[in-house]
Amino acid sequence: MRKAIAIIIALSCCICLGAQQRLTLNQAIEMAQTGSYEAEISDADYQAGMWQFSSFMSTFKPHLEFNVNPNYVKEAYEPFNQFVKTRDYNMLSATAELRLNQKVTALGGDFYAASSGIWTEQFADPNMARIFGASPIRIGYQQQLLGFNPYKWDKKIEDAKMKHVESRHDFEQWNIARKTAQLYLEALRATSMYDMYKNNSETSEYLYRIGVEKFNLTSIRNDELSSLELQWNNALNSCSLAEVQMKNALAELYSYVGMEGFSLTMPANPDYLLLDREMIMSLVEENNPVYNQNTLMLLEARRKEDRAKKEVGVQASVDLNLGLQNYGANLGSAYGNQGLLSVSGVNLRIPIIDQKTAKDKYKAAQFEAKSTDAEAKENLRLLTVEVDNAVRDFENYQTLVRSTSTTMELADEAYRQANDNYANGIADINTFAIAQTRKESAYANYLNALCCYWDAYYRLSMLCGTDILSIR
């Protein structure tokens, strides 16, 4: 199913690219979230966790099972001396039981209802050749450790596990989006820088050709012509280096999203967003897997501590049941004249000399719970620091994008004026070179700020587990 979705998205993108030869950032992210290897791993882990949770929840539903136990006994021995044979047996028996089980979440035990039959064939004793036993109904309740409810703990832990699986899956989806954005914007930055250097090389070549004509007319000196030639050569070298970086960045992006041969689209400058830190932290607490992992660790530690506490001192288990039972020479007589049968019992385990084993186990569980609590607090502290840094970076970079965009426009206008002035003989080569350098620097700063902004955006959305632009 996941591969089919990836194919559909790829085909739709191909149709779109066939007309425009463009791939937007959102399209690249959608492709990576369905076709990348991280997406396959994340989806497999999510499906495994979902089915594990489904399997666990089914254990709280009634279970009906049929058990058959055939048995053959040839001989028996004296109970206290297995080398002394006391009686010959030659007996074949079989027991069949239909049993219905239901967990009682409120108490921590199991309710059961059963119907069973027994057939015994005595080959050694002709007087008791065949015996049938029947118990048409037997109901009961059993619990292994009174006072400790494992089912409530298990339910809390499995709910926390499922929430952690969901939050981890969402976290990985945002992480894939962030990685795709990094590759996409790096390829876009490299492509834009290559286009700029290519345009600079063409302009430098044009100015050099004009300079050659001026030199032939003795309008400029030889050193100025050499400066123009140097400017052209530097532009060519910068263009060649930018081309290598562009090809490498595009190849990395093509490999990750599983498509190639498209051009990239520059994302629009983002609108300014004023973040509410309390809202951000509430989203982090709800959706971040670190919070859910902390909850899971604490629940498991508290469960272990509670069980160890209940195991200190006298331990009691119960099995209370009431039913009907009878034996006969045939199956009909066995089911007739049924009598009440109750095989109930309370098992008490009273430690007399246990060398403080249970108490020490309880103390160990207490300190393990304290250690887990300290670890959870440290995880929370580190996460809070990371969220604060992500918020700060996002706010700074969205301001920087606006500032560098304005600077780039000013530098581009200054470059055009310097180019025209030099071509008309109003400005010298140094003025033109300075304007070109400033334009390159302003353009590079803008592209870097844009890359950092989108990285900060996807980083903060990943930590929050939701699109931060949707919480205006």
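Any value given below was found using the heavy atoms of this structure, including those in side chains, with hydrogens, waters and symmetry copies removed.
Checked by atom type and distance alone, the side chain of Ser371 never pairs as donor or acceptor with a backbone atom of Phe367 at under 3.5 Å. With hydrogens and angles disregarded, a donor-acceptor distance shorter than 3.5 Å links the side chain of Gln102 to the backbone of Phe60. Side chain of Gln27 to backbone of Thr24: a donor-acceptor contact under 3.5 angstrom is found. In this structure, the side chain of Ser255 does not engage the main chain of Glu252 through any donor-acceptor pair within 3.5 Å. A donor-acceptor pair under 3.5 Å is formed between the side chain of Ser238 and the backbone N or O of Asn234. With hydrogens and angles disregarded, a donor-acceptor distance shorter than 3.5 Å links the side chain of Thr295 to the backbone of Tyr291. Remark: side-chain polar atoms of Thr372 are paired, donor with acceptor, to backbone N or O of Glu368 under 3.5 angstrom. With Arg168 contributing its side chain and Pro289 its backbone, the two residues share no donor-acceptor pair below 3.5 Å. Without hydrogens or angle criteria, Tyr184 side chain to Leu23 main chain gives a donor-acceptor distance under 3.5 Å. The backbone N or O of Thr437 sits nowhere less than 3.5 Å from a side-chain atom of Ser441 that would complete a donor-acceptor pair.
Evaluated for a salt bridge (Lys or Arg N to Asp or Glu O under 4.0 Å) with Asp306, the options Lys310, Lys309, Lys304 yield exactly one hit, Lys310. Evaluated for a side-chain hydrogen bond (donor to acceptor under 3.5 Å, both in side chains) with Ser42, the options His169, Glu172, Gln33 yield exactly one hit, His169.
At least one side-chain heavy atom of Asn379 sits less than 4.5 Å from a side-chain heavy atom of Met297. Between Val284 and Met279 the shortest side-chain heavy-atom distance does not fall below 4.5 Å. The shortest side-chain heavy-atom distance between Val318 and Asn347 does not fall under the 4.5 Å cut-off. Side-chain contact check for Asn421 versus Phe432: every heavy-atom pair is 4.5 Å or farther apart. Considering only heavy atoms from C-beta on, Leu400 stays 4.5 Å or farther from Asn396 through its side chain. Using a 4.5 Å heavy-atom threshold, the side chains of Leu296 and Asn292 count as separate. For the pair Tyr272 and Arg402, the minimum side-chain heavy-atom distance is below 4.5 Å. In this structure, Ser317 and Gln143 have side chains that are not in contact, with every pair of non-hydrogen atoms separated by 4.5 Å or more.
Crowding of Gln144 atom CD: a count of heavy atoms from other residues, nucleotides or ligands under 6.0 Å not exceeding 12. Within a 6.0 Å radius of CD in Glu202, more than 12 heavy atoms belonging to other residues, nucleotides or ligands are found. Atom CD of Glu278 has 12 or fewer heavy atoms from other residues, nucleotides or ligands within 6.0 Å.
The residues Glu286 and Lys163 are annotated as salt-bridged, a charged nitrogen and a carboxylate oxygen being separated by less than 4.0 angstrom. The pair Glu38-Lys179 counts as a salt bridge, with a side-chain nitrogen and a carboxylate oxygen less than 4.0 angstrom apart. Classification of Glu300 and Arg303 as a salt-bridged pair fails, no side-chain N sitting under 4.0 Å from a carboxylate O.
Counted by atom type alone, Asn101 and Arg99 present one or more donor-acceptor pairs between their side chains at under 3.5 Å. Between the side chains of Glu440 and Asn200, at least one donor-acceptor pair of N or O atoms lies under 3.5 Å. A side-chain donor from one of Asp110 and Tyr151 sits under 3.5 Å from a side-chain acceptor of the other. Using a 3.5 Å distance cut-off with no hydrogens or angles, the side chains of Gln366 and Tyr362 do pair a donor with an acceptor. Inspection of the Arg416 and Asn419 side chains reveals no N or O donor paired with an N or O acceptor under 3.5 Å.
Summarising the geometry of Ser470 relative to Thr466, their closest heavy-atom pair is OG-OG1, 4.1 Å, with the distance given to 0.1 Å. Closest heavy-atom contact between Thr203 and Tyr415: CG2-OH, 3.4 Å. Nearest heavy-atom pair, Asn287 versus Cys464, reported as atom, atom and distance to 0.1 Å: ND2-O, 2.9 Å. Nearest heavy atoms, Leu463 versus Asn288: O-ND2, 3.0 Å. The two atoms that bring Glu186 and Cys451 nearest to each other are N-SG, 4.5 Å, heavy atoms only.
The distance between the ring centers of Tyr141 and Tyr112 does not fall below 6.0 angstrom.
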**Q.** Audit row: Leu275, Leu460, side-chain contact (heavy atoms from CB on, under 4.5 Å) steps and yes/no
**A.** CA-CA 11 Å; Leu275 298 177; Leu460 188 55; 3.6 Å; yes

Q: Quick one: do Leu250 and Leu264 satisfy side-chain contact (heavy atoms from CB on, under 4.5 Å)? Show the steps, please.
A: CA-CA 10 Å; Leu250 286 174; Leu264 310 181; 4.1 Å; yes

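Relative ring orientation between Tyr254 and Phe262 is described as perpendicular, the plane-to-plane angle rising above 60° on a 0-90° scale split at 30° and 60°. Using a 30° and 60° split on the angle between ring planes, Trp174 and Tyr458 fall in the tilted class, from 30° to 60°.
Within the structure, every pair that satisfies the side chain to side chain donor-acceptor pair (under 3.5 Å) test and touches residues 447-456, not counting sequence neighbours, is listed here: Arg178-Asp455, Gln182-Asp455.
In terms of the salt bridge (Lys or Arg N to Asp or Glu O under 4.0 Å) criterion, Lys359 has no residue partners (sequence neighbours excluded).
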